[in-house]
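Here is the naming used below: chain letters follow the sequence lines, and residue numbers restart at 1 for every chain.
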Amino acid sequence: MAQVKFIKKDNVSAWLEELGQKHEVLAPRFEGDSIIFRPYDASKGFFIEREATAPPKKAIFPQSETLLKFSNIKDLENPEKVALDVKENLPDSSWVVFGGRPCDARGFTMFDRVYLNGKHVDAYYKARRENTFFITLACEKGETTCFCNWVGSGPSDPTGSDVLMVPVEGGFFLEAVSDRGASLLDSSLLEDGDSKQAEADKVKVEADKSMGEAQDLSKAPEKLLAVFDNMEHWEEMSAKCLSCGACTYLCPTCYCFNITDESDGISGTRIRSWDNCMSSMFTMEASGHNPRPTKAHRLKNRVGHKFSYYPDLHDGVISCCGCGRCIKSCPVGVDIRQLVLSAIAYEAKEAAND
Amino acid sequence: MTSNPYLPAMATIQEVIEETPNIKTFRVTLNNPEIKKNFSFEPGQVGQLSAFGIGEATFVINSTPTRMDYLQFSVMRTGEVTSKLHTLSAGDQIGVRAPLGNCFPYEAMKGKDIVFVGGGIGMAPLRTLLYYMLDNRDDYGKITLLYGARSPVDMAFSYELPEWMERDDLDTHLTIDSEYEGWEHNVGLIPNVLLDINPPSKNAFAVTCGPPIMIKFTVQALAKLGFKDDQIITTLEKRMKCGIGICGRCNIGGSYVCQDGPVYTYEQLKQLPNEM
């Protein structure tokens, strides 16, 4: 049986400080109107009553990171020649991510299939992934934008987490999901959790009920492909889209990146940064040809990737964790659920029009 | 490749050949003897060249694994990375991440007649396979080469053309788009010249690479000649960054050109979403 504990609400800050002695702790807190994951600072506290505005993606996939450092070295024996020294810059930080939601932790499992289990292992991602622990808070109630239950998950899904916290009277029920999660529960601030198990189970059941009925997306991969070439459909779907990219930057499963060099002349760095498939330059080729010239092309690729190409490559797993941030933060109200459902319903609609 | 797939191997430029006003060929050798000893690739695979401080870009390795004295890359000057690469000369250091991607199905092509149709810089990947086949000549049937460029000055590998023309075991045809003083070969667009050459499609493969518009009409010409979709092979350009199927940029549907390509049969391409 999994190790279970209980922590009083008033003891959480002390626990985070204790965890902070061994690890760096990332926790959500208010900054302006947004709830953002930041290095935990006891004087600023944390806020976990609502899903954070942005996911804790940067813990393992920083918005910008240095891959390599290079410098030119002058050969004094042969003044015309310059040697190059290139060094990799592998990360050594370790994080405890506190207060993310099940969708946030599960999001990284979509990364894992691409970054760790493909033909090549991403050394930078691997170094962070192996040293990052997730203490995840189960949701008591889905928000109107939540649809984790459509994509094979749920408000208390432990997938990707090390410890699952469930809110109960006076504090949190803590359940070790992984062995390394169990190691985080070795603290005198925590009490035995067995007596809270039934209450926690009830919270989970109520949370599941709050999500409403899940839509069946099993046909999404083939249906999206079927409508792929109908540009009229995609132009209609993308009419409102501003190509701002907020959906990608706030998405726990969006993993595309760019690689660029920065140089001060003598030395420099090779940097990886988040990229955005909604940007018109994303696929622009050196010849000037752009295979995705309009926002309609780009939107269908984004939806197609998450709900068709990725599942086809990865055992049917949809590359969307249903967190709903892309819906909540879209300035013009594009709703990815409607995009997918429209594709699924497309043939039926066509048939009805005939 | 090292355990860190983003870390280039350092290489030294041995020779730079000015092919055309905007194409240079770089012959490079890997610096680290251990990496050099263990390095291997197959015809059609690509590599990322680093111009440190500017960035990386993808180029086909257009030398052949049958001649490993150096690795050869031909670079057309089109943007920042290629412009920087064009400033490099013999003795300069360069970063190489290779080999990346898949290769031509040279085993499956054994015993078949081969028709190469190259346009402009698109001759580079064909050159690799051409030399591979010429170095394993008994494994392949009749080899026909049609190479076209806008004008004679735009023709890369011009110093190799006389040898290609003279070889008895290679049927070479050259063409340029319009009349040019002193030009003794074909004049006309590649697909039209291909129809005139009329190579048999039976027991044959066609390999084509060039500008997208050329490929489009070449494929139509090949179809007229009786080539089926699975007998037509091409190699694609895409914007690539990581080169290892992770960064999410060069996909056509579920296929990542940097990893699952750049070599595809026309039959395979037709099964992918229409997003060339």
[X] portion near chain B, given a 4.5 angstrom heavy-atom threshold:
X      : value
A:L313 : side chain
A:F257 : both
A:F282 : both
A:M281 : backbone
A:N72  : neither

(message) Please verify the inter-ring angle class for A:H305 with B:Y256; under 30° counts as parallel, over 60° as perpendicular, anything in between as tilted.
(response) perpendicular
(request) State, yes or no, whether a side-chain contact exists between A:D122 and B:Y6 at a heavy-atom distance under 4.5 Å. (result) yes
(request) Report yes if the side chains of B:P273 and A:Y309 come closer than 4.5 Å at any heavy-atom pair, otherwise no. (result) yes
(request) Test A:F228 against B:E275 for side chain to side chain contact (heavy atoms under 4.5 Å, CB included), laying out the working first. (result) CA-CA 10 Å; A:F228 193 84; B:E275 207 179 29; 4.0 Å; yes
(message) Checking side chain to side chain contact (heavy atoms under 4.5 Å, CB included) between B:L7 and each of A:K87, A:R270, A:E88, which is the one that passes?
(response) A:E88
(message) Measuring from atom CZ of B:F52 to atom OG of A:S71, what distance do you get when rounded to the nearest 0.5 angstrom?
(response) 10.5 Å
(request) Quick one: pull up SG in B:C247 and CG in A:N258 and give me the separation to the nearest 0.5 Å. (result) 7.5 Å
(message) Counting heavy-atom pairs closer than 4.5 Å to chain A, which one of B:Q93, B:Q259, B:M10, B:E80 comes out on top?
(response) B:Q259
Please give me the minimum heavy-atom distance between [X] and [Y], naming the atom from each residue.
X      : Y      : result
A:A123 : B:P5   : N-CD, 4.4 Å
A:T283 : B:R249 : CG2-O, 3.6 Å
A:D261 : B:G53  : OD2-N, 2.9 Å

